[in-house]
Q: 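Next up is a structure, given as structure tokens.
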Amino acid sequence: MKAALHVGVDSPLLIEEVTLREPGPGEVVVEINAVAVCVTDVLATEGLTLVPPPFITGHAGTGIVRAVGPGVTRTRTGDRIATAGSAECNLCYPCLQGTPSSCDEIFGGMVPPREVGVRSDGTAVYVDGGVGALAEFMVLRESGIVTIDADISIEQASVLGCGVISGLGAVFNVAGVQPGWSVAIVGCGHLGLWMVQAARVAGARTIIAIEWDPVRRALAADLGATHLVDPADGDPVQQVKELTGGRGVDAALEAGGTTLAAEQAFAMARGGGVVVPTSMAQPADSITLNALDFGVGAKRISSSQTGGGYLKRDIPLYASMLENGIIDSTHIISKTFSLDEVNAAFSAARNKEVITGVVRF
Ligand SMILES: [Zn+2]
Ligand SMILES: [Zn+2]
């Protein structure tokens, strides 16, 4: 089968024949239909992963189960599934503590890396983040896939495990936004635009979208933002405070991928409010917070990994919300690419030319 193979930071992805291995215990073989290209995948090809090359990236995809390995009980051949860059074994310590979004299997898929097959010269091929959806077929862990029944398009199904679960989950599960709250969202890309919609669905009265790009600000307004903040007009923290009677917001969510965005989110939450960082800066970076605000601001800081909920509970729910038009992907899925165009899809994500690009098989 063909796969998009990352062979090193100085090389583009290679479309190459890979011989997939048989599914082991708890694994299934999925024929992939589409993959949403995420900045996380782009960062992995720039070296921001624990997995050594050659590897296949792509953490959010959709497809049809074609074979199941020993011990697979909840998934059948023919099931339509979505995959997220997460796993949920229901057996490890974080899962048993009710925090499956920190399941041991997520990082267990990185160190040691999951080997899924071989190149034509016999060398092992790994997958990034335990998934590796950018291939015609993939051996996936049953713990990381969710069966979906909703009548939604292939493109919509492909974004469930990326922006949808991460954005909606950050608002519903982690921030716990309540009716009437004021919410600020720092960064309105393929994560923040889902957060805007989630805040609207949760009944937030004030939804402040902070975004440099005028096209993305306009989209945020279409999707439910009540106020738009352009950082070019002055310190976004001050602008948010002015919009909230000097107090700050009940919930501030960071979806900008920078330390500055995280620091601003913390500063614009009201005393006693909630702050939700969600994205990856460079691993060696540090965040600087005001000591007084940090020490006695009574702010709850809770970072979000894949939406902080339960994959098998949340993905079917969000799929039905897409099916029923409660949330809208129309302007978030900006462009589709073929597998042969995967490098163009990655550079479009890297250069923010698209909100979300989807590779269709
Ligand atoms: Zn677990
Ligand atoms: Zn993603």
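Each ligand, and each atom within it, is numbered from 1 in the order the structure gives.
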Q: With a cut-off of 2.8 Å, does His190 put an N/O/S atom close enough to the Zn ion (ligand 2)?
A: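 Coordinating: no.
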Q: How wide is the angle at the Zn ion (ligand 1) between SG of Cys89 and SG of Cys103, to the nearest 10°?
A: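 Between SG of Cys89 and SG of Cys103, at the Zn ion (ligand 1), the angle is about 110°.
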Q: With distance as the sole criterion, is a donor-acceptor pair present between the side chains of Thr62 and Asn33 under 3.5 Å?
A: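 Distance-only check fails for Thr62 and Asn33.
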Q: Just by distance, no angles: are the side chains of Glu155 and Ser329 close enough, under 3.5 Å, to form a donor-acceptor pair?
A: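 Their side chains do not contain a donor-acceptor pair, so the 3.5 Å distance test is not met.
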Q: For Phe294, is the NZ or CZ atom of Lys299 found under 6.0 angstrom from the centre of its six-membered ring and inside 45 degrees of the ring axis?
A: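 Judged by the rule (NZ or CZ under 6.0 Å from the ring centre, within 45° of its axis), Lys299 is not positioned above Phe294.
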Q: State, to the nearest 10 degrees, the angle whose vertex is the Zn ion (ligand 2) and whose arms point to NE2 of His59 and SG of Cys162.
A: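 If I round to 10°, I get 120°.
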Q: Please confirm whether the backbone N or O of Val139 pairs with a side-chain atom of Arg114, one donor and one acceptor, at under 3.5 Å?
A: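 Such a contact is found between Arg114 side chain and Val139 backbone.
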